[in-house]
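Following: one structure in structure tokens, then a few remarks.
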Amino acid sequence: MHAPASHSSVVVNGQPFVLPQSTLASATLLHVLRNDLALNGPKYGCGLGQCGACTVLVDGIAARACVIPAQGVAGREVTTLEGLPRRCSRTAGLHPVQQAFVDEQAAQCGYCLNGMVMMAVALLERNPDPDEAAVRRELSGNLCRCGTHVEIMRAVLRAAVLMREAQA
Ligand code: FES
Ligand code: FES
């Protein structure tokens, strides 16, 4: 997509979006996703890079969108929660990680779930068969104030099985 000189494009969930350069230069990635692109999967929690609620994938790596300047993702592939289903082409509907969270009812208020799910996707794409300790390590920087940790752990381990089945 050709963008006018005062605009730049960012690719989110496989789709190019053209935004004013002034917006990209002054806003965080989280602000642009939620306020300009209406992608509300990533949540605003601490705004300081400390809780994980805003996690997205940038070129497949988990990243905290609240502390990334929007301009910093130019030329990179951003995936949000909304883009997960297209990341696992062998399943219809929900991504296996999303399905596992539903199956295990791994939510209370749900505010942390975006971050938990995105971290789990990043982990399972790197390591399809993690043990419990590896899952704990990966999620240790993501806060859940409701104490849903047991169910979340179960969901990620179940997601690993579903993802392996989807690849088989
Ligand atoms: S809102 Fe980004 S880490 Fe807390
Ligand atoms: S389910 Fe409420 S913060 Fe995790």
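Ligands are counted one by one from 1 in listed order, and the atoms in each one are counted from 1 as well. Quick caveat: nothing in here was measured; it's all calculated off a predicted structure.
Sorted by first and then second residue, the side chain to side chain donor-acceptor pair (under 3.5 Å) pairs with a member in residues 58-67 read Arg64-Asn142; sequence neighbours excluded. For residues 141-164, every residue pair satisfying the salt bridge (Lys or Arg N to Asp or Glu O under 4.0 Å) rule, not counting sequence neighbours, is listed here: Asp103-Arg158, Glu104-Arg154, Asp129-Arg164.
Thr28 places none of its side-chain heavy atoms less than 4.5 Å from the side chain of Ile68. At a threshold of 4.5 Å between non-hydrogen side-chain atoms, the residues Val78 and Leu57 do not count as touching.
A side chain to side chain contact (heavy atoms under 4.5 Å, CB included) with Val97 is found for exactly one of Val156, Leu123, Val121, namely Val121.
Between Phe17 atom CZ and Leu33 atom CG the span is 9.0 Å, to the nearest 0.5 Å.
Counting only distances under 2.8 Å, and ignoring water, the protein N, O or S atoms around atom 2 (Fe) of ligand 2 are Cys109 SG, Cys146 SG. For a distance threshold of 2.8 Å, the protein N, O or S atoms nearer than that to atom 2 (Fe) of ligand 1, listed by chain and number, are Cys54 SG, Cys66 SG.
Counting only distance, with no hydrogens or angles, the side chain of Asn13 and the backbone of Glu82 share no donor-acceptor pair below 3.5 Å.
When only modelled atom types and interatomic distance are considered, Asp36 and Thr23 share no side-chain donor-acceptor pair under 3.5 Å.
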Quick one: do Arg126 and Glu138 satisfy salt bridge (charged side-chain N to carboxylate O under 4.0 Å, His left out)? Show the steps, please. CA-CA 11 Å; Arg126 282 197 325 270; Glu138 187 78 5; 2.9 Å; yes

